[in-house]
Structure formats: C-alpha cells, structure tokens
Engineer: 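So that we are looking at the same thing, I have put the structure below in structure tokens.
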There are 2 protein chains.
Amino acid sequence: MTSRSKPDAPSARPAMGKAATINDIARLSGVSKKTVSRIINNSPLVRKDTRDKVEALMREVGYVPDPMARGLAFRRSFLIGMVYDNPTAQYIVNMQYGALDALRDSGFELVVHPCDSRSPGYIDGVRRFVQQQKLHGVMLIPRASEDQALADMLADIGCRYTRIASVAMDEPARMVVTHDRNGAAEAAEYLLSLGHTDIALITGPNAYRSAHERTAGFLEALAARGIELPKSRIVEAGYTFESGVLAAEALLAGKRRPTAIFTGNDEMAAGVYKVALRAGISIPRQLSIIGFDDSPLASRLWPSLTSVRRHTRDTGRIAAEMLIQHQDNSAALSAASIRPHLIIRDSCQPPEA
Amino acid sequence: MTSRSKPDAPSARPAMGKAATINDIARLSGVSKKTVSRIINNSPLVRKDTRDKVEALMREVGYVPDPMARGLAFRRSFLIGMVYDNPTAQYIVNMQYGALDALRDSGFELVVHPCDSRSPGYIDGVRRFVQQQKLHGVMLIPRASEDQALADMLADIGCRYTRIASVAMDEPARMVVTHDRNGAAEAAEYLLSLGHTDIALITGPNAYRSAHERTAGFLEALAARGIELPKSRIVEAGYTFESGVLAAEALLAGKRRPTAIFTGNDEMAAGVYKVALRAGISIPRQLSIIGFDDSPLASRLWPSLTSVRRHTRDTGRIAAEMLIQHQDNSAALSAASIRPHLIIRDSCQPPEA
DNA sequence: CTGAAAGCGCTTACAG
DNA sequence: CTGAAAGCGCTTACAG
C-alpha cells in the first residue's frame, strides 16, 4: 500500500521543482535558446566548443526537450503509429518489440492502432489517427500493408510510411520485403530431400499476398525438381486452425494419402495434427508436416513442428528505422529485406517404403 | 505504385490547406477562443445555445483540438502508457485491445512500453518514459504490476496508474482484480465432480502472485471437500512449456500416476501433453488435464484443453477506463473486478475404474 | 456566462 | 557561427 499524493489531484507536476527547459539551458550556459535549439536538432551551424559546453550541461541537469513543445512547433509529433489488421498475437508482439528496438532512446514512441480492414470506414479511421496525432510516420503490417488504397491515402496526406509485405509493392524506400517465397521453397526442398513425392499443400486465402507467395515458392521448387502437384493435392484454406482441420479432413480421408503436407502457416498445421492424431495417423512416421511462421505453437505441438521461421522482430525494427532515419542513410536501409529459413524439428521423416 | 509527394519532403502539411484551429472556430462562430476552449473542456460555464452553435461549427469543419498544443498547455499529454514485463503474446495483445476499447474516440492514444523487471534500471526506464512523455497515466500489467517499488515510484512522481493483479494490492481506485483464486477453485471442483481424488498440481513460480493465488484457490477448494494433496503431488514450475515438461516427467514417472493434473497455465499444460503423448498415456482416458488462461493453444492441442478463461480484454478496458474517467464516476469503476471461469473442452473425464 | 493577456517549451523565418 | 522576434494551438489565471 502506498500513501502518496492523491491520484486525482488536479495538477500533476514533476517530482521536485519543474524540469529544466530550453530557457534554463540557454541561461545557464550563456547562449541563446536558438543555439540550444540548434544543438538539440543536430544543426552543423554550431561551434564545437559551444556544443560541447551546452551538451555537458544538458547531461548534467538531465535535460530532455519536451516532445509536445517540439511537436507543436514542428507541426509533427514524435509518435510512430503501427497499423495492423488481425494477425496472430505473437506476430504482432514481435513486430512491436522490433519497432521498439529501433525507437529506443530515439525520442520516438510507438502508438498502436489495430484496425479491421473489412470494415468500410477503416481507412478513414487510420487517416484521422495520423492527422489528429500528427504522426511522424506509420508502419503497415500485413495484411493491412497489402491494401493499396490505404497506402495511397497516406501518400495523399503526406504521411511517411513503411510497408512490410512478402513482396515489393511500393517504392524501395517504403518497403520491407520478407521473401516468403524463399521460405516455402526451402520447405519444398527439404521434403524432396527426404524422398517425398506425394505431397499436399494447404494454402492460405489466395487474396493474401503472403499465401500467394508461399504457394508459388513451394510449387516452383517442386517443379524445379520435376514434381507437379495434382489439383486434388492443393487445398485453399483460411489461415485459421479450423480451416486447417477441414482441409486436412479432405486430404486425409481417402485411402491414398499424401506422405507429406506443407501448410501456409502453423495454425493450419495444428489443424492437420488434430485430424491425424484423431485418425490414428502417426506423425511423422505416416505423415510429415511442415508449417510456416515458427510460432510458439510449433514447439508446443507433439511431435514438435518443423516450420519456416520469419524474422519478425528484425522486420519490425527495420521498418521503424526507415521511418526515423535521416535521409542520408535511409538509402542504405531501403533495400532492406530478410529471408526466412526452415527450422527443422520432429514432424518430418522419409516416407514409409 | 503511387506517385505522390516525396516521402521525405521536409515540410509535411495537411491534405488541403491547414486544419482548422481554435482561432478559426472562435472567429467563425463569433465567440472568443476562451469560450471555445471551455466547450472543448466541457466546462459548465457556457450558455447552452452558445455551446450548441459552436459545437455545430466544430462538427461541420471537422475540428479536433491539437493534442500537442493542448498537452503543452496542460503540461500533460493525452497518452496512456502500457507497461508490461514479458508475459505471453496473446495476453498482451488482448490487454491492448481492451485498453483501446476504452480509449476509442476519447482523444487518448495507447503507447506501449515492454520492460524487463529483472534488469536493474527498469524502474528508471519507466520513470523516464512517464516524465518525458508527460503521460496521462499508465496501466501496469502482471508481473510488473506486482512490483511495489514500481508503483511507489509512480506515486512519487505524481503519475496516475492502474494495476492489474490477481488480488488487491493497492487502493481500490488503482486496482483491477482478476480473482485467479476463484478460477482455480472452479477447476478443482470440476475435477472433484468427475470423481478424481488422486490429483496433481503444477504451479507457476511461487514468487508470482498469480501462481500463489491459483495454487491457493485450487488447494482450498480441494480441502473444502476433504482432499489434501501430498507434497509429492505438487510441483513448482516456471510458467513455461519446458518447465511443464520437466514437472510432468516427475509426476508421470512412477507407477502410481495421478488421474488428473491441474497446471497454473496452458503453457505448462502443453508440456504435460507432450510427456503424456510420448509415454503413450491417453488423454483424457488415463489422465485428465486442466490449464489456466484459455489461450489459443488450448483449442489447438488435441484433445482440446479444458482451461480457465480470464477476461483479459475486459480487464484491459476497465484499467484504461479508470485512467481516463473523470473523478465523479471513477468511484463506480474502482471496485472493478472480473471473475475467471472454466471452459470445458475434451481433456477431462472420470478416472478409470 | 464571457473575454483579453500572458504563457506552456519549443522552432521558423529573418538578421547579422 | 549566433540571436531577438514572432508563432505553433492550446490553457491558465485574472477581470468583468
């Protein structure tokens, strides 16, 4: 129990005495506030010894410029918005961690904005969010990032943004590409290397770019080794556990079952597990399975699931860095892209003779 | 591809012409800006027809006061901080959704601040976060919420906060109590109702208040029906999957296995699944299992896991509401508490004869 | 119930 | 390289 000041006291003031302001720094170091301002903003137009003297004082008194005052004068806040639409929790949290990695000690903060891209007014909602908060920039996470109308709106109102997507769909300076295609290809190659040829595929919704990329990468890699899947071995599902169950039921019902299944994400792979376990089909002896995401679920399932890992945290970090970076080095980052790779666990083995 | 203004254009201005300011509203409606300010702040000192006239104009031009200007004058921002320490992704995301439910259309935004409560400087990190951003208030999520030093620091600097915890540990106006004890008791009663008597318990770390509450609730409910667990049937683990595996191995090794296990969270229950499946112990025929959290994992496991559901999103909503509520009705909310309850799935049945 | 003045802590022109 | 003036869009005393 604490017995300090009343929580609803009308005026909340800093701990002891007011915090130092730019005026204090200017007065104490004997320069004008404009010079202090120049130092805050890293202007080159300050003599080195002036800068050193003032910076020492700032450190000494623990001075940090007020983001609201700065934002008011700049007509832009020091807030980065993260806009996303309904993906899995672990993915979002990792993305947030990554963004915060980039924002740490930068003076910027992360404000989250989940939305529903199926609701009609959602783009307007994002616009209000951006304009009312005068956001410095926003990160767009799949699947919202795939919505060109959203990106167009942001460009219209002059809001800088970065898009995270499985494939380049905007100027390089605004894109972080995750190359899902490569990850899926690696999964295909692994199954081939184990000797599988009767392989099935459960895809995410075709309308999702990520699903399209993963499917294409998987099928291409198979084709490169001369294997073409019949239509009956490819089932489109909805990226959800339940849809994975339905797809697996269709795939595992007949007598001639595939010896391996690749699913567009781990959720659907868990659905395959359920159907297989219920039907007494042994994983991996009678059925090999590979997922995509390397979510926590992958290691919690038994046997643990081989899955394609995405470097979500790094992806989020880079997307945020691109937003707060100064122009000079942003070019270096603009080509940012991260390749997924396969994490091998216990859900695959060569097919039975 | 879009071909709009360059993303790095030095001056980002609103879409078309500047947005309206308080001066525009004052001029156009023929009152002083102070009167407009009174209306913005819901002051009763405004004649109803004046208010109506001005509000109509504000709606018409889509005027929204600038949070940075307001914040600068108020010496406090319109940002709510969410401070948390390393819990599971779904829990955090649900908490964020709940907070945003409360903040929607309130003019407040949510800024996230994960931290590591084991690192020495973390309280200082939160203090800087609060003071530099002049946060309106912060929500403390377990286990950070259990740290009295953190709460004391916030009280010291005059920052309003709400704490979410399994049991009251602060003034009612600052607490949202989740009553984990009740949920655990319900799990115990369910197992008893099925006829189990040889029951085991895998607890979270005793240092966690939630673990303590869940353990106490479970054991109390058992004791109320005359059942006392021997020490050997109670294993302390770490709330993680891996620790659940180890605990289950200890519990399921001997010949006289318990017929049911209750775990302090779903992660550890998944660990029990792994050990049971590997050992050929059939769930629920030979072993009933109940988890806690009702995480997505619960329904993805097979057979699906009976688990105690926490109303995380509502909890987050209430914690945020308490922060932005005006004093008058905060009393009504202060007693806020939410009871967990058992979600019955397929992981339990009566013990074998 | 309403308003004119001063101020919140910064930055942007404009000078020098 | 440095500075005095005006302004960003609001609110707080203070009057009336």
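All chains are named by letter (A, B, ...) in the order of the sequence lines, taking the proteins before the strands, and each is independently numbered beginning at 1. Values in this document were obtained by computation on a predicted structure and should not be read as measured data.
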Engineer: With the side chain of A:V46 defined as its heavy atoms from C-beta on, choose the nearest nucleotide among D:dC10, D:dT2, C:dT2.
Structural biologist: D:dT2
Engineer: Which comes earlier along DNA chain C counting from the 5' end, the contact point of B:K34 or that of B:L72, where each point is its nearest nucleotide?
Structural biologist: B:K34
Engineer: Do any side-chain nitrogens or oxygens of B:S37 fall under 4.0 Å of OP1 or OP2 in D:dT11?
Structural biologist: yes
Engineer: Does B:T162 use its side chain to pair, donor to acceptor, with the backbone of B:A319 at less than 3.5 Å?
Structural biologist: yes
Engineer: Judged by each residue's nearest nucleotide on DNA chain D, which is more toward the 5′ side, B:I22 or A:K33?
Structural biologist: A:K33
Engineer: Can you tell me how far C1' of C:dG9 sits from CG of A:N41, to the nearest Å?
Structural biologist: 13 Å
Engineer: Under a 3.5 Å limit for both distances, which nucleotide forms a Watson-Crick or G-U wobble pair with C:dA4, could you say?
Structural biologist: none
Engineer: Regarding B:S117 and B:D85, do their side chains bring together a donor and an acceptor under 3.5 Å, going by distance alone?
Structural biologist: yes
Engineer: Starting at atom CZ of A:F74, determine the distance to atom C1' of D:dG7, rounded to an integer number of angstrom.
Structural biologist: 14 Å
Engineer: Do the side chain of A:R47 and the base of D:dT2 come within less than 3.5 angstrom through a donor-acceptor pair of N or O atoms?
Structural biologist: no
Engineer: Please determine whether a side-chain nitrogen or oxygen atom of B:N23 lies at a distance below 4.0 Å from atom OP1 or OP2 of D:dC10.
Structural biologist: no
Engineer: Ignoring hydrogens and angles, tell me if any N or O in the side chain of A:S145 forms a donor-acceptor pair with the backbone of A:I164 under 3.5 Å.
Structural biologist: yes
Engineer: Side chain of B:T50, heavy atoms from C-beta onward: which of C:dC10, C:dT2, D:dT11 has the nearest atom to it?
Structural biologist: C:dT2
Engineer: Is a salt bridge present between B:K48 and B:D52, judged by a nitrogen-to-oxygen distance below 4.0 Å?
Structural biologist: yes
Engineer: How many whole angstroms separate atom NZ of B:K134 from atom P of C:dC8?
Structural biologist: 12 Å
Engineer: Whole-Å distance between C:dG7 P and B:R75 CZ?
Structural biologist: 11 Å
Engineer: In whole Å, what is the span from the CG atom of B:L45 to the P atom of D:dC14?
Structural biologist: 17 Å
Engineer: Are B:D156 and B:R127 close enough for a salt bridge, meaning some N to O gap below 4.0 Å?
Structural biologist: no
Engineer: Strictly below 4.0 Å: does B:T35 bring a side-chain N or O up to OP1 or OP2 of C:dT2?
Structural biologist: no
Engineer: Whom does C:dA13 pair with, Watson-Crick or G-U wobble, provided both distances fall under 3.5 Å?
Structural biologist: none
Engineer: Looking at A:R70, does any N or O in its side chain come under 4.0 Å of the phosphate oxygens OP1/OP2 on C:dT11?
Structural biologist: yes
Engineer: B:V64 or A:V31: which one's nearest nucleotide on DNA chain D is closer to the 5' end?
Structural biologist: A:V31
Engineer: For C:dA4, take OP1 and OP2 only and decide whether either is under 4.0 Å from a side-chain N or O of B:S32.
Structural biologist: no
Engineer: For B:R51 and C:dT2, give me the distance from atom CZ to atom C1', rounded to whole Å.
Structural biologist: 13 Å
Engineer: Ignoring hydrogens and geometry beyond distance, is the side chain of B:R38 in donor-acceptor contact with the base of C:dG3 at under 3.5 Å?
Structural biologist: yes
